[in-house]
Chemist: 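What follows is a single structure, and I will ask about it in a moment.
Hydrogens, waters and symmetry mates are skipped; everything else that's a heavy atom, side chains included, is used.
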Amino acid sequence: MAWLALLVLVAVAAPALPLPYPPHTLDLAHIAQAPLGPGRHWLGTDGQGRDVLSLLVFGTRTAVLLTLPAALLAAIIGALLGGAAGFWGNRAHVGLAYWALAVGGVWWALRLPAPWLGLAVGAAGLASAVVGGPWRLTWRLPLDALVMGGAAALDTVPRLVLVVALAASVGSISASGLLALLALTSWPTSARLVRAQMQRIRTLPFVEAAQAAGMSTGHIWLKHAIPHAIKPLQTLFPLSLARLLGLESTLSFLGIGLPPEVASWGRLLASYRQEPTAWWLFLFPSIMLTISILSLYQLTKMRK
């Protein structure tokens with residue numbers, strides 16, 4: 001815990017720390033210099049003369065500010081999808097107005113041919129949902145099959161291969177884009193866990209009592225069922241963080257994902273390939289990455 005707290009502190013305070021050099025300042029007089037050499041490069045420099053200490057500090061900031069929100073988003077997406085699938089199964093009925101709203105929104109978001117048509121369908125669905133009309137009719141939604149099908153489809157391809165393929169398909173990707181990509185490909189485990197928990201909770205007496213009291217299904221799901229179903233995610237969250245940290249470092253090592261100007265432990269590790277004799281380029285980021293992942297695994301064991 002102390003190590004993880006230190007990482008968060010360093011990530012937050014990185015811009016204000018009194019570092020001798022900014023992370024991307026090139027010191028051409030001290031290229032691939034060993035630690036504790038001249039020039040105040042306490043942990044040495046890489047093959048371009050950049051200060052390793054600064055790269056490690058700002059790489060910590062990148063690791064925390066990228067993987068923590070991505071793990072939170074993946075947990076939220078997985079909890080909502082898994083919770084809904086476990087509670088309603090394939091029995092949910094959705095009004096045609098909401099179907100039209102969803103189809104129109106997806107049509108417009110994906111920029112399918114004639115995007116104005118998606119806007120028109122979505123607007124018609126929204127108007128019908130607000131004022132009523134013939135689209136008040138409902139249509140059965142196989143929610144459980146859709147969620148589990150999506151999770152199975154994502155798990156069919158190894159996560160690293162999937163993220164590399166998606167990142168390569170869009171060309172250059174920003175840090176926020178990579179964060180969204182990591183979150184959208186990491187929710188299946190959370191969804192399966194919450195779904196299994198929800199299938200047990202929906203049969204408990206307090207849910208039946210709430211239904212007998214006349215509460216709406218949505219209110220029971222959101223206020224009473226979901227808070228109980230997401231409890232196992234407390235144990236899963238550190239493990240998810242460790243996996244995302246390893247994935248982000250691997251992507252940076254391969255030169256995929258983050259822009260070159262963003263410092264990363266994985267990119268610092270990759271610089272060792274250009275300077276095989278500069279052992280410090282391998283040692284320091286490896287220590288940071290290893291201790292961080294082991295700490296997260298240890299935190300997972302403590303929460304079991």
Chemist: Counting N and O atoms only, with roles assigned by atom type, does the side chain of Ser271 sit under 3.5 Å from a partner on the main chain of Leu268, one being a donor and the other an acceptor?
Modeler: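 It does hold such a pair.
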Chemist: What heavy-atom pair brings Val194 and Gly78 nearest, and what distance separates the two atoms?
Modeler: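 Closest approach of Val194 to Gly78, heavy atoms only: CB-O, 4.5 Å.
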Chemist: Should Leu7 and Leu294 be counted in the same cluster of Ile, Leu, Val, Met, Phe, Trp and Tyr side chains packed under 4.5 Å apart?
Modeler: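 Per the 4.5 Å side-chain linkage, Leu7 and Leu294 are not co-clustered.
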Chemist: With sequence neighbours excluded, give me every side chain to side chain donor-acceptor pair (under 3.5 Å) pair touching residues 176-188.
Modeler: Ser174-Ser176
Chemist: If the condition is side-chain hydrogen bond (donor to acceptor under 3.5 Å, both in side chains), which residues does Asp51 pass it with, not counting sequence neighbours?
Modeler: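 Asp51: side-chain hydrogen bond (donor to acceptor under 3.5 Å, both in side chains) contacts with His41, Ser54.
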Chemist: Is there any ring pair (Phe, Tyr, Trp, His ring centres under 6.0 Å) pair reaching into residues 144-165, and which pairs are they, with sequence neighbours excluded?
Modeler: none
Chemist: Quick one: closest heavy-atom pair of Arg202 and Val207, and the distance?
Modeler: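 Shortest heavy-atom separation between Arg202 and Val207 comes out as O-CG1, 3.7 Å.
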Chemist: List the residues meeting salt bridge (charged side-chain N to carboxylate O under 4.0 Å, His left out) with Arg50, not counting sequence neighbours, and say none if there are none.
Modeler: Asp46
Chemist: Which is it for Asp144 and Met148 under the side chain to side chain contact (heavy atoms under 4.5 Å, CB included) test, yes or no, and what are the steps along the way?
Modeler: CA-CA 6 Å; Asp144 190 39; Met148 289 299 100; 3.8 Å; yes
Chemist: I'd like to know whether Thr60 forms a side chain to side chain contact (heavy atoms under 4.5 Å, CB included) with Trp265, so could you lay out the CA-CA distance, the side-chain angles of the two residues, the decisive distance to 0.1 Å, and finally the verdict.
Modeler: CA-CA 7 Å; Thr60 302; Trp265 295 344; 3.2 Å; yes
Chemist: Name each donor-acceptor pair under 3.5 Å that joins a side chain in residues 82-89 to protein atoms two or more places apart or in another chain, with its distance.
Modeler:
none

Chemist: State which residues pass salt bridge (charged side-chain N to carboxylate O under 4.0 Å, His left out) with Arg192; sequence neighbours excluded, sorted by chain then number.
Modeler: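 Arg192: salt bridge (charged side-chain N to carboxylate O under 4.0 Å, His left out) contacts with Asp155.
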Chemist: Just jot down the side chain to side chain contact (heavy atoms under 4.5 Å, CB included) partners of Ala270, sequence neighbours excluded, or say none.
Modeler: Phe253, Arg273
Chemist: Starting from the C-alpha separation in whole Å, work towards a yes-or-no answer on side chain to side chain contact (heavy atoms under 4.5 Å, CB included) for Ser216 and Ile220.
Modeler: CA-CA 6 Å; Ser216 67; Ile220 296 171; over 6 Å; no
Chemist: Ser252: which residues meet the side-chain hydrogen bond (donor to acceptor under 3.5 Å, both in side chains) condition with it, sequence neighbours left out?
Modeler: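 Counting only residues at least two positions away or on another chain, Ser252 forms a side-chain hydrogen bond (donor to acceptor under 3.5 Å, both in side chains) with Glu248, Ser264.
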Chemist: The test is side chain to side chain contact (heavy atoms under 4.5 Å, CB included); show your working for Leu184 and Leu154 and say whether it passes.
Modeler: CA-CA 10 Å; Leu184 292 175; Leu154 284 176; over 6 Å; no
Chemist: Can you list the residues that meet the side-chain hydrogen bond (donor to acceptor under 3.5 Å, both in side chains) rule with Thr203, with sequence neighbours excluded?
Modeler: none
Chemist: Donor-acceptor pair, distance only, cut-off 3.5 Å: does the side chain of Tyr272 make one with the backbone of Pro276?
Modeler: yes
Chemist: Which atom pairs, donor and acceptor, lie under 3.5 Å between side-chain atoms of residues 278-293 and protein residues at least two apart or in another chain?
Modeler:
from, atom 1, to, atom 2, distance (Å)
Trp280, NE1, Gln33, O, 3.4
Trp280, NE1, Thr45, O, 2.9
Ser286, OG, Phe282, O, 2.5
Thr290, OG1, Ser286, O, 2.7
Ser292, OG, Trp3, NE1, 3.1
Ser292, OG, Met288, O, 2.6

Chemist: Trp42: what forms a side-chain hydrogen bond (donor to acceptor under 3.5 Å, both in side chains) with it, not counting sequence neighbours?
Modeler: none
Chemist: Checking Phe206 now: which residues fulfil ring pair (Phe, Tyr, Trp, His ring centres under 6.0 Å) with it, not counting sequence neighbours?
Modeler: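 Here the qualifying residues are His228.
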Chemist: Please examine the side chains of Leu236 and Ser190, heavy atoms only from C-beta on, and report whether any two atoms are closer than 4.5 Å.
Modeler: yes
Chemist: Under 4.5 Å between side-chain heavy atoms, hopping through other hydrophobics if needed: is there a path connecting Val161 to Leu178?
Modeler: yes
